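Below is one structure, written out as structure tokens; comments come after it.
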Amino acid sequence: MALDQSFVGRSYPPTDPYEVGREKIREFAAAVGDTNPVYSDPEAAKSYGYPDVIAPPTFVFAITFKAAGQVVEDPQLGLDYSRVVHGDQKFAYSRPVRAGDRLSVVSTIESVKSLAGNDVIDIRGEVHDETGEHVVTAWTKLVSRAPEEA
Amino acid sequence: MAAQIQYAEVEVGTELPAASFPVTRATLVQYAGASGDFNPIHWNEKFAKEVGLPDVIAHGMFTMAEAIRVVTDWVGDPGAVVEYGVRFTRPVVVPNDDQGGLIEVTAKVAAKLDDNRVRVDLTAMSAGQKVLGMSRAVVELA
């Protein structure tokens, strides 16, 4: 069933702040095997001009995707999440995410399409820190595959 | 910003050092914990096959995270990445053996932009197939 076009442009309330921890960044960098000291050593990060360790570029996805859950799980939208795959992902950074950030996300539905029976939804997540400074925008394309013919 | 590559020293077509990233079931379990993505298609072979996949597959976001390392390792400062986007075209299949899968990444400078920025186009392959499409980063050089 095609999704309701009237959802295009809808924004959801800002999420409760996610506090970025040094150890969580270290854990993420270790999981992707990245030994760049700017992720684990505050002194190294300072030598690059940052106040504390920074996070790898894709770290913020965990935060924006959780926020996108507001959209995905909106019962009025009716997306069949069991059939959803991740189509595209893009980030535009004003600055890197860093330890100590308290990040809040506003999710907006940018487009809703039906392509060959698949529902395709584009969600933009605007991420700001506690002072209101823009940190990163994340665009996530989700594809809910059409059910197989009975 | 502490990029270690000079804008003036790169040309369109400049190749970045390529890299290969192994991925085993253990890697995926570790990434699931670090990222909070516990979808069973990334660790449960029975479940993956039931939903029509050939085997357990890597998280698309894991592949995306590995691919950008070619850029961040080159430029030195990961904070120099201004934009990064990919399309997930094929999954990285991760067999349950000693070797697992391999993500092979190459990249080159595709365009020189204003403000010391360059666009880098990435190619990520696994088992001879392209796993990321339209994979591009914009990075600010020194």
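Each chain gets a letter, A, B and so on, in the order its sequence line appears, and its residues count up from 1. A quick note: this is a predicted structure, and the numbers were derived from the prediction, not measured. Hydrogens, waters and symmetry mates play no part in the numbers below; they use all other heavy atoms, side chains included.
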Per-residue contact mode, [X] against chain B (heavy atom under 4.5 angstrom):
X: A:Ala45; result: neither
X: A:Phe59; result: neither
X: A:Lys24; result: side chain
X: A:Pro56; result: neither
X: A:Asn36; result: side chain
X: A:Val38; result: side chain

Response to the item:
Highest number of heavy-atom pairs under 4.5 Å with chain A among B:Gly76, B:Gly60, B:Pro22, B:Gly133 belongs to B:Gly76
For the student: nearest non-hydrogen atoms of [X] and [Y], plus distance:
X: A:Tyr93; Y: B:Val81; value: CD1-O, 3.4 Å
X: B:Thr27; Y: A:Ala31; value: CG2-O, 4.2 Å
X: A:Thr58; Y: B:Ala65; value: OG1-CB, 3.3 Å

Indicate, with yes or no, if [Y] and [X] share a hydrophobic cluster defined by side-chain heavy-atom contacts under 4.5 Å among Ile, Leu, Val, Met, Phe, Trp and Tyr.
X: B:Val109; Y: B:Tyr7; result: yes
X: A:Val60; Y: B:Phe62; result: yes
X: A:Phe7; Y: A:Ile123; result: yes
X: B:Val138; Y: B:Ile5; result: no
X: A:Ile63; Y: A:Val72; result: yes

Discussion item. Would you say that A:Phe91 contacts B:Met64 through its side chain, given a criterion of any heavy-atom pair below 4.5 Å between the two side chains?
Written reply: yes
Response to the item:
Separation between OG1 (A:Thr35) and CZ (B:Arg69), nearest 0.5 Å, reads 6.5 Å
Item to complete: Report the C-alpha separation of B:Phe21 and A:Asp34 in whole Å, then their side-chain angles, then the decisive distance to 0.1 Å, and conclude whether the side-chain contact (heavy atoms from CB on, under 4.5 Å) test is met.
Response: CA-CA 10 Å; B:Phe21 305 98; A:Asp34 197 329; over 6 Å; no
Practice prompt. Pull out the residues in residues 82-108 of chain B that come under 4.5 Å of chain A, heavy atom to heavy atom, sorted by number.
Written response: B:Val82, B:Glu83, B:Tyr84, B:Gly85, B:Val86, B:Arg87, B:Phe88
Worksheet item: By number, which residues in residues 32-56 of chain B have some heavy atom less than 4.5 Å away from chain A?
Response: B:Gly33, B:Ala34, B:Ser35
Discussion item. Tell me which of these, A:Ser94, A:Gly87, A:Ala138, has more heavy-atom pairs under 4.5 Å with chain B than the rest.
Written reply: A:Gly87
